[in-house]
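Within every chain, numbering begins at 1; the chains are lettered A, B, ... in the order of the sequence lines, protein sequences first and strands thereafter. The shown structure was predicted, so the numbers you read here are calculated from the model rather than taken from an experiment. Computed from heavy atoms alone, side chains included, the values below leave out hydrogens, waters and symmetry copies.
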2 protein chains.
Amino acid sequence: MQGSMDVSSGEQTPLGAFLNRIMQRSVLTADEQQAILDLPTQTVHLRGKQDFVHINEQVAYSCLVVSGVIARVGQTAKGARQITSVHLPGEMADLHSAVRPIGLGGMTALCPSTILRISHGAIRQVAARFPAIAEAFWRDCMLESAILLQWLLNVGRRDAQTRLAHIFCEVAVRLGRNRTAACQYDFPVTQEQLGDAAAMTSVHVNRSLRALHARGLLTVTRGRVTIHQWEALARAGEFDPTYLLADMEPHRQERLRISV
Amino acid sequence: MQGSMDVSSGEQTPLGAFLNRIMQRSVLTADEQQAILDLPTQTVHLRGKQDFVHINEQVAYSCLVVSGVIARVGQTAKGARQITSVHLPGEMADLHSAVRPIGLGGMTALCPSTILRISHGAIRQVAARFPAIAEAFWRDCMLESAILLQWLLNVGRRDAQTRLAHIFCEVAVRLGRNRTAACQYDFPVTQEQLGDAAAMTSVHVNRSLRALHARGLLTVTRGRVTIHQWEALARAGEFDPTYLLADMEPHRQERLRISV
DNA sequence: ATCGCTTCACGACCTATGTTATTTCCCGTA
DNA sequence: TACGGGAAATAACATAGGTCGTGAAGCGAT
């Protein structure tokens with residue numbers, strides 16, 4: 001349990017990384033930034049494949065990803081799993097649970113991961129105290145919602161290869177990889193987990209991955225993704241990063257114009 | 001353009017219906033309630049099948065459904081459509097766009113509908129002025145997100161009949177139908193639109209609907225849904241209404257405890 | 001090195017759902 | 001009362017992706 005006190009080195013700490021992300025889309029004053037950096041946290045380490053929040057469990061903490069990959073999962077009556085979102089370092093996996101702690105499904109670590117737990121009370125308090133923070137958090141939740149929306153389109157209406165290509169493009173952008181020519185990143189998830197995210201069988205993930213490889217678009221080997229031609233992969237995945245972009249422009253000038 | 005002034009008759013007006021919904025999950029003072037009722041609105045009538053917000057269009061208004069059914073839609077490169085959410089009277093179809101006006105896809109009326117447009121500026125202003133309203137709006141957006149999450153699970157991992165059953169159950173609950181024994185409601189959407197929501201072909205919607213009918217679970221005739229046995233349909237659709245429930249309990253006592 | 005477990009690779013076969021096309025039903029309108 | 005257009009109902013056929021089964025390949029622990 002500690003709050004990062006040094007605002008200048010904020011970018012290096014987990015809370016600093018989170019603040020950084022938030023500020024790509026919202027404008028915050030120094031006070032507000034500090035309030036976020038001062039949130040009390042509790043570090044938790046997780047094994048790979050560890051379900052740490054069960055479906056229908058009601059939690060009192062949100063969880064900030066420090067390292068690894070965290071996923072939210074839903075489950076069918078017959079036990080089929082659907083990963084409904086994936087969270088990378090610097091992201092809050094369930095910020096929304098601060099205002100609505102039910103109906104979020106379970107949470108699991110796709111690989112060995114470290115998270116910071118932050119109590120809902122602290123989050124709601126800082127949001128109530130600083131309206132701009134409330135709006136920033138709200139906006140961050142809506143980014144997540146926009147991603148979810150893309151996933152629904154992806155799963156509902158695209159074929160296997162397109163779907164996977166889209167996912168790999170999205171993760172690349174969210175990891176901040178510059179999308180020019182080739183790039184690579186670590187993404188230590190199994191084909192089974194990939195299937196749970198893309199709503200298909202691990203067998204078919206395997207087939208499709210090899211097909212994408214045969215087309216010269218990307219290579220996935222033991223948790224490392226190599227994109228050979230960004231442009232071609234994005235085309236194959238029908239990927240348009242608009243929904244992920246920083247979007248603070250419309251809000252920059254008019255933050256907090258409280259009349260009266 | 002009018003603001004409903006009479007707070008006592010609030011329940012009857014569209015804004016009153018919206019406020020009502022919000023208050024199922026959040027506690028608001030009389031002032032705050034009034035501030036919502038005073039939001040300036042603009043009425044718009046829509047034909048059935050009218051796309052009134054195009055994909056990637058950036059809007060300056062959120063839209064409150066007065067009557068009819070409004071849907072958000074995404075689209076594939078080959079033109080396949082995916083309905084990503086459906087909105088019934090009393091709901092705000094895109095409240096989230098107030099804080100994040102991009103990446104929400106298009107909006108369309110599934111049948112002749114009436115909406116109220118409310119400017120993003122007005123929404124953000126009332127939210128900044130009353131932290132409790134910000135939290136309430138944020139929470140309402142998260143309910144929508146929880147629904148979206150269920151849709152992803154539904155589309156990704158359930159078969160056609162289960163999927164449709166789930167949708168009909170959800171709509172029944174959202175329309176406030178009491179879920180005991182039989183019930184019916186108007187839901188004037190075509191099988192094609194149903195297919196766009198459930199991620200399948202209209203042909204297969206037809207097949208599956210007849211199968212559900214043959215199982216004695218429900219009848220769908222020209223925009224009217226009749227559920228014959230709620231329990232059985234809910235079981236067939238693996239429907240658990242938890243994610244839709246009013247959930248203000250944890251927030252009731254501790255609203256706005258701003259510690260300086 | 002060797003064991004044991006997990007993940008990856010791949011083949012054979014099966015089925016839920018998509019595709020395409022035609023017919024029937026409904027309902028508003030002339 | 002007949003006409004016209006959109007939905008709904010069906011039928012025949014095609015296919016993407018699921019299921020089941022078997023090895024091979026990594027990799028960590030002994």
To the nearest Å, give me how far apart CZ (A/Arg81) and C1' (D/dG18) are.
19 Å
Short of 4.0 Å, heavy atom to strand atom, which residues of residues 204-212 of chain A count as contacting DNA chain D?
A/His204, A/Arg207
Just to be sure I understand the geometry, which residues of residues 159-172 of chain A put a non-hydrogen atom under 4.0 Å away from DNA chain C?
none
Give the B/S/- string for nucleotides 20-30 of chain D, one per nucleotide from 5' to 3', where a protein heavy atom under 4.0 Å of the base yields B, of only the sugar-phosphate yields S, and otherwise -.
B-----SS---
In whole angstroms, the gap separating C1' of D/dA16 from CZ of A/Arg157 amounts to 15 Å
Base, sugar-phosphate, or nothing: which does A/Ala80 touch, judged by heavy atoms less than 4.0 Å apart?
nothing
May I ask you to decide if the ring planes of B/Trp230 and B/Phe239 are parallel, tilted or perpendicular, using 30° and 60° as cut-offs?
perpendicular
Under 4.0 Å between a side-chain nitrogen and a carboxylate oxygen: does that hold for B/Glu231 and B/Arg179?
no
Establish, with yes or no, whether the OP1 or OP2 oxygen of D/dG6 is under 4.0 angstrom from a side-chain nitrogen or oxygen of B/Gln191.
no
Distance below 4.0 Å between A/Lys78 side-chain N/O and D/dG18 OP1 or OP2:
no
Here the distance between atom P of C/dT7 and atom CG of A/Leu194, to the nearest Å, is 13 Å
Which pair of non-hydrogen atoms, one from B/Arg117 and one from B/Val44, has the smallest distance, and what is that distance?
CG-CG2, 3.8 Å
Which side-chain N or O atoms in residues 143-152 of chain A pair as donor and acceptor under 3.5 Å with protein atoms at least two apart or in another chain?
| residue | atom | partner | partner atom | Å |
| --- | --- | --- | --- | --- |
| A/Glu144 | OE2 | A/Arg72 | NH1 | 2.7 |
| A/Glu144 | OE2 | A/Arg72 | NH2 | 3.4 |
| A/Trp151 | NE1 | A/Glu170 | OE1 | 3.2 |
| A/Trp151 | NE1 | A/Glu170 | OE2 | 3.3 |

Without swapping roles, check the side chain of A/Ser97 against the backbone of A/Arg100 for a donor-acceptor pair under 3.5 Å.
no
So how far is it from A/Gln191 CD to A/Leu209 CG, rounded to the nearest 0.5 Å?
5.5 Å
How close or far is atom C1' of D/dG6 from atom NZ of B/Lys49, stated in whole angstroms?
8 Å
More than 12 non-hydrogen atoms from neighbouring residues, nucleotides or ligands closer than 6.0 Å to CZ on B/Arg224, yes or no?
yes
Atom NE2 of B/His213: over 12 foreign heavy atoms under 6.0 Å
no
Might you point out which heavy atoms bring B/His87 and B/Arg174 nearest each other, and give the distance in Å?
CA-NH2, 4.0 Å
Side chain of A/Met200 only, heavy atoms from C-beta on: which candidate in D/dA7, D/dG18, C/dT7 is closest?
D/dG18
Considering only distance and modelled atom types, tabulate donor-acceptor pairs under 3.5 Å from the side chains of residues 103-110 of chain B, sequence neighbours left out.
| residue | atom | partner | partner atom | Å |
| --- | --- | --- | --- | --- |
| B/Thr108 | OG1 | B/Gln50 | O | 3.2 |
| B/Thr108 | OG1 | B/Asp51 | OD1 | 2.7 |

Under 4.0 angstrom, heavy atoms only, what part of the nucleic acid is A/Thr190 near: base, sugar-phosphate, or nothing?
sugar-phosphate
Partners meeting salt bridge (Lys or Arg N to Asp or Glu O under 4.0 Å) with B/Arg215 (sequence neighbours left out):
none
What is the distance from CZ of B/Arg158 to P of C/dT17, rounded to the nearest Å?
13 Å
